[in-house]
Amino acid sequence: MQNIELSKLPLQAQTELLDFYEFLLQKYTKTQPKNNQFEQFLSTPIEVQQAQNWTREELHER
């Protein structure tokens, strides 16, 4: 892996680069959930009723 020399950049660019590096660390090192309840919830199909078509007048009557 190649090393980068931050000292070649202006201070503002160095700060931006370090901020971006911290962002990437957070993005790619997220911890796995302790249980699979969330994944199980997402993979479970949800049964829904068929949508009803209402006319504008029917909606205003309710």
Side-chain angles (χ1 to χ4, degrees):
M1 171 134 332
Q2 181 180 359
N3 291 331
I4 57 174
E5 292 184 42
L6 292 178
S7 60
K8 291 183 176 182
L9 296 172
L11 185 58
Q12 183 178 357
Q14 291 179 24
T15 304
E16 290 178 22
L17 186 57
L18 290 173
D19 286 344
F20 184 64
Y21 173 73
E22 289 175 357
F23 164 76
L24 289 176
L25 281 177
Q26 289 178 357
K27 180 179 178 181
Y28 290 105
T29 58
K30 291 184 179 179
T31 58
Q32 296 295 326
K34 292 181 181 177
N35 55 34
N36 288 342
Q37 288 179 345
F38 185 69
E39 288 181 18
Q40 187 177 11
F41 172 75
L42 290 177
S43 64
T44 304
I46 299 172
E47 186 176 322
V48 295
Q49 297 176 354
Q50 183 176 358
Q52 296 183 5
N53 295 325
W54 303 91
T55 65
R56 183 177 182 154
E57 291 77 23
E58 290 174 328
L59 287 174
H60 287 283
E61 288 176 4
R62 294 184 179 265

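A quick note: this is a predicted structure, and the numbers were derived from the prediction, not measured.
Partners of Glu22 under the side-chain hydrogen bond (donor to acceptor under 3.5 Å, both in side chains) rule, at least two apart in sequence or in another chain, do not exist in this structure. Applying the side-chain hydrogen bond (donor to acceptor under 3.5 Å, both in side chains) test to Gln14 and every residue at least two apart in sequence or in another chain returns nothing. Listed by chain and residue number, Ile4, Leu6, Leu9 satisfy the side-chain contact (heavy atoms from CB on, under 4.5 Å) test with Leu17 (two or more places apart in sequence, or in another chain).
Taking CG of Asn53 as the start and CD of Glu58 as the end, the distance is 9.5 Å to the nearest 0.5 Å.
Connection of Tyr28 to Phe23 is established within a shared hydrophobic cluster, with ILVMFWY side chains joined at heavy-atom distances below 4.5 Å, either directly or through further cluster members.
Residues Arg56 and His60 approach most closely at O-CD2, 3.0 Å, considering heavy atoms.
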